Amino acid sequence: MKAVRFHAYGGPEVLVHEDVETPEPGPGQVRVRVAGTTFNGVDGNIRAGFMQGPMPLELPHIPGLDVAGTVDALGEDVQGLSVGDRVLGFLPFVADGASAEYVLASADSLAPAPRSIALADAAALPVVGLTAWQALHEHAGLQAGQRILINGADGAVGGYATQLAKAVGAQVIATASARSSAQVAAAGADQVIDHTAASVVDEVAEPVDVLLNLAPIEPEEFAALAALVRDGGVVVNTTVWMPAPADEDRGVRGIDLYVRSDAAQLAGLAELVDRGQLKVQVAQRAPLEDLASIHAQAAAGTLHGKVVITPHKR
Ligand SMILES: NC(=O)c1ccc[n+]([C@@H]2O[C@H](COP(=O)([O-])OP(=O)(O)OC[C@H]3O[C@@H](n4cnc5c(N)ncnc54)[C@H](OP(=O)(O)O)[C@@H]3O)[C@@H](O)[C@H]2O)c1
């Protein structure tokens, strides 16, 4: 099969499109014919070798954490899945990923893919959708009527977080650059602040219950945003290289989120998509052989929105 792998850590040029043996599923595993995978920001850090401590890889390695595709072969002891099923998953960091025509996945990590959108596009859901879900429901415990400030709402996680927070009945204040403010408003934000043109701190009129930070900001800016959180509120942060500021005196908790795979939550997100309650945003679709170029655009800071990678011609 065709796959993109890196044989050594380094810049985007270490990614090579090459022939690789098609993997055979072991016990409890299925082989998925990949319709789509995506680029996530962490993929660049993994490829560069920055994540070798928490994520030790055996090289060569095939990147690609998200997968949407069809079950193609079953290993022993697999229950509940059949060849041809449309599935969705968040693959383990240390196993070979979905930037290939086929990938192995543990059967119990997979969820049914939504039926109302193209299967490849469903790959834009697992990692970032689960991040948004876990931020709001597991960490922030967001409730109807609460106010949430989502910083970086124009990104991939932010698009889902905005929609999911509105579904809870929260009031959403979102930051976005002018280029994407209409899109963030369409996702349901009650107030959109262009962080490139105004001071976010000045524009937030009342304290918020929750600050969800999704943007790579400076520690001083983060502390100023955290000061907008009411006493007893919570700061949830996904840019974990910079810790979430807590304030013990005011009872403000600071939580650094590490997303985890959860098939039941993923199935719930797919159902929301099929009920028309969650829109999947795809900015760009690219063939597998363009993956190195996508990594290069991300490294140059010119990649915006979710990119779906499609390994098969059709
Ligand atoms: N810890 C975890 O488990 C976990 C899981 C998922 C994601 N993440 C991380 O969480 C972050 C968000 O993920 P994502 O996939 O949504 O990334 P993304 O699509 O790149 O979104 C980040 C957003 O932040 C915006 N932004 C940049 N600088 C800003 C600033 N100073 N103020 C306000 N907004 C700013 C960007 O806008 P422009 O495009 O206009 O620059 C972009 O829309 C990434 O760093 C990602 O690596 C962590």
Side-chain angles (χ1 to χ4, degrees), residues 37-48 50-51 54-55 63 65-66 90-93 123-136 138-139 149-164 173-184 187 189 192-204 211-226 228 235-244 254-262 265-266 269 280-284 294-295 297-308:
T37 185
T38 70
F39 175 82
N40 283 291
V42 71
D43 294 339
N45 291 332
I46 294 172
R47 184 215 66 233
F50 300 153
M51 310 296 285
M55 299 169 194
L65 297 169
D66 290 308
F90 170 10
L91 300 167
F93 286 99
L125 193 58
V127 172
V128 287
L130 287 170
T131 303
W133 179 270
Q134 291 168 14
L136 299 185
E138 292 187 352
H139 300 293
L149 170 58
I150 303 178
N151 191 44
D154 43 356
V157 178
Y160 293 119
T162 302
Q163 296 180 69
L164 293 172
I173 303 147
T175 71
S177 54
R179 179 185 56 216
S180 36
S181 61
Q183 176 197 317
V184 173
V192 183
I193 303 169
D194 178 358
H195 65 93
T196 63
S199 151
V200 178
V201 171
D202 290 348
E203 296 293 315
V204 178
L211 165 63
L212 173 57
N213 181 57
L214 308 168
I217 51 177
E218 296 299 324
E220 308 75 53
E221 196 182 348
F222 203 174
L225 292 179
L228 296 169
V235 178
V236 181
N237 177 42
T238 63
T239 57
V240 291
W241 60 90
M242 183 185 44
I255 294 168
D256 295 309
L257 176 154
Y258 293 87
V259 65
R260 60 181 173 75
S261 174
D262 187 311
Q265 289 179 357
L266 196 48
L269 290 170
V280 172
Q281 304 277 4
V282 175
Q284 199 187 138
I294 299 295
H295 275 239
Q297 289 170 49
T302 57
L303 194 70
H304 302 290
K306 203 71 188 153
V307 181
V308 165

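Source: prediction; values computed, not measured. Just follow the structure's listing: the first ligand is 1, and inside any ligand the first atom is 1. These numbers come from the heavy atoms of this one structure, side chains and all, not from hydrogens, waters or symmetry mates.
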> Counting only heavy atoms closer than 4.0 Å, does ligand 1 sit against the backbone of Asp256, its side chain, both, or neither?
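Within the 4.0 Å criterion, Asp256 makes no contact with ligand 1.
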> Is it the case that ligand 1 has an N or O less than 3.5 angstrom from some N or O of Ala215?
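No; every N/O pair is 3.5 Å or more apart.
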> Determine whether any protein heavy atom is located less than 4.0 Å from atom 39 (O) of ligand 1.
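Under the 4.0 Å cut-off, atom 39 (O) of ligand 1 does have protein heavy-atom neighbours.
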> Any idea which atoms of ligand 1 are less than 4.0 Å away from a heavy-atom of Arg179?
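In order of numbering, the contacting atoms are 38 (P), 39 (O), 40 (O).
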> If we set the cut-off at 4.0 Å for heavy atoms, which region of Ala156 has an atom near ligand 1: side chain, backbone, both, or neither?
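For Ala156, the contact with ligand 1 is made by both the backbone and the side chain.
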> For Thr239, counting its heavy atoms only, list the atoms of ligand 1 lying under 4.0 Å from any of them.
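Atoms satisfying the 4.0 Å criterion: 45 (O).
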> Quick one: which ligand 1 atoms are inside 4.0 Å of a heavy atom on Ile217?
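Checking each atom against Ile217, I get 30 (C), 31 (N), 32 (N).
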> Numbering the atoms of ligand 1 from 1, which are under 4.0 Å from a heavy atom of Ser177?
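Under 4.0 Å from Ser177, ligand 1 has these atoms: 40 (O).
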> So which of Val240, Val157, Thr175, Leu214 gets nearest to atom 14 (P) of ligand 1, if we judge by its closest heavy atom?
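Selected option, by shortest heavy-atom distance: Val157.
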> Give yes if a backbone or side-chain nitrogen or oxygen of Gly305 is under 3.5 Å from a nitrogen or oxygen of ligand 1, and no if not.
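No: no nitrogen or oxygen of Gly305 is under 3.5 Å from one in ligand 1.
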> In a check of side-chain contact (heavy atoms from CB on, under 4.5 Å) between Asp154 and each of Val184, Val192, Thr162, which one passes?
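Filter result, single survivor: Val184.
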> Hey, is atom 30 (C) of ligand 1 touched by any protein heavy atom at less than 4.0 Å?
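Flag for atom 30 (C) of ligand 1 set to true, protein heavy atom closer than 4.0 Å.
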